[in-house]
Amino acid sequence: MKVIEHLQRAKNPLFSYEIVPPPRGRTVQDIIDIVSVLKPLNPPWIDVTAHASEAYYHEREDGTIERKIYKKRPGTIGICGIIQNRFGIDTVAHLLSLGFTREETEDALIELNFLGIQNVLALRGDGSNYKKVIGKDRTENHYASELVEQISDMNKGKFLDSSFQCEAFNFGVGVAGYPEKHFEAPNLKLDIQNLKRKVDAGADYIVTQMFFDNKKYFDFVSQCREAGITVPIIPGLKVIKSFNQLTTLPKNFYIDLPDALVDAISKDPKNAAHIGKEWTMNQVQGLLEAGSPCVHFYIMNDTSTIVDIVKKFQK
Ligand code: FAD
């Protein structure tokens, strides 16, 4: 079932999760272990992140340098297939535009359709240290809105490969939104205009970047509505677990942490996981009181606190 259908049918607030493929060389058992913990929480869907190829350099004994190109975390489509077909939980496969040709994207969507996966989160991705050479007969999407357009075309039966005989696809399409603006955007207003391009291209819901101050989410939603964006905007939360994350989360995700949270963890770093959990619970409480139909958790494959948090709010 599509995410938008889950939202429309839900009688109580939904709790969804994002997981990350295990590092190259690990096995699917890692995923089975994580999903087995989440399954009793009845997740309506689980997102699986996507990762572009990167260049790795290795100095040989003779001093020459070897360059290898590979994905550190491969397997998004396979993992979605396993979760969906083994656990009966709907999945959202993340798809990136940067680092993939449109032809590869078409193949990926054909594979997802084959596996019965009906949801994708269309993302641009970030430039890695490997810039793929695009062949003369190949094309590329740049912004996520172009990727959404390609998926919408396939949903109308329009494929790049005109010899491909298939009925129109029926993918639900989500896109990313940034309550604290995307780091490249000059301001939030322009970023929201670009978000609207993704919705106008066919996205049927938005998931936000993590935020730790609900006011930022509420303000963002108001500004999106003023800009004419009417689709659901799902809040994304992350539970802080360590003192180090006070530095790594703002650096990696271009977000601010509220003074009260930083002060509490700085004063009592050993208690960071407990403070982080309480903080998230307060955020969930505030979001549900304001009528949020769903809360999405970036669990990053750590299920240690999420079960307690969700059990507290699940009806
Ligand atoms: P876009 O919507 O294309 O926007 C990128 C920037 O370009 C923004 O500043 C926007 O304002 C601007 N822009 C957009 N359209 C135009 C235009 N037409 N003209 C000028 N400027 C424009 N990354 C991964 O690698 N893998 C993942 O699985 C992954 N999952 C994510 C899930 C969520 C919920 C979120 C919030 C982010 C995720 N990311 C992931 C990170 C994401 O790839 C980066 O944030 C990336 O930098 C932007 O992606 P986007 O889809 O928002 O890009």
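One-based numbering, in listed order, for ligands and for the atoms of each.
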| note | With sequence neighbours left out, the residues meeting ring-ring contact (aromatic ring centres under 6.0 Å, His included) with H182 are Y178
| said: Check for me whether G236 has a heavy atom closer than 4.0 Å to any atom of ligand 1. | reply: no
| request: Find all atoms of ligand 1 within a distance of less than 4.0 Å from any non-hydrogen atom belonging to H94, and give their numbers and elements. | output: 27 (C), 28 (O), 29 (C), 30 (N), 32 (C)
| remark: Checking heavy atoms under 4.0 Å, the part of H182 that sits near ligand 1 is side chain
| message | Under 4.0 Å from a heavy atom of A176: which atoms of ligand 1 are those, numbered in the order shown and with their elements? | response | 35 (C), 36 (C), 52 (O)
| request: Answer yes or no: is there an ion pair linking E140 with K131, defined by an N-O contact shorter than 4.0 Å? | output: yes
| task | Report yes or no: do D161 and S163 form a side-chain donor-acceptor pair below 3.5 Å? | result | yes
| message | Test of understanding: given a 4.0 Å heavy-atom threshold, classify the contact between V175 and ligand 1 as side chain, backbone, both, or neither. | response | neither
| request: State whether the shortest distance between N or O atoms of E184 and N or O atoms of ligand 1 falls below 3.5 angstrom. | output: no
| query | Any side-chain heavy atom of Y70 within less than 4.5 Å of one from S53? | reply | no
| message | Among residues at least two apart in sequence or on other chains, which ones pass ring-ring contact (aromatic ring centres under 6.0 Å, His included) with Y254? | response | F183
| F169 and I110, any side-chain heavy atoms less than 4.5 Å apart | yes
| field | Close-contact set for ligand 1 against D191 heavy atoms, below 4.0 Å | value | 8 (C), 9 (O), 10 (C), 11 (O)
| message | I'd like to know if R197 contacts ligand 1, where contact means a heavy-atom distance under 4.0 Å to any ligand atom. | response | yes
| Does the distance from a Lys or Arg side-chain N to an Asp or Glu carboxylate O, for R124 and E184, drop under 4.0 Å? | yes
| said: Once you restrict to heavy atoms under 4.0 Å, what part of Y254 touches ligand 1? Side chain, backbone, both or neither. | reply: neither
| remark: Among Y143, F183, Y178, the residue with a heavy atom nearest to atom 44 (C) of ligand 1 is Y178
| request: Go through ligand 1 atom by atom and flag the ones less than 4.0 Å from a non-hydrogen atom of A185. | output: 9 (O), 11 (O)
| Under a 4.0 Å N-O cut-off, is there an ion pair linking D219 with K215? | yes
| message | Is G125 close enough to touch ligand 1? Criterion: a residue heavy atom under 4.0 Å from a ligand atom. | response | yes
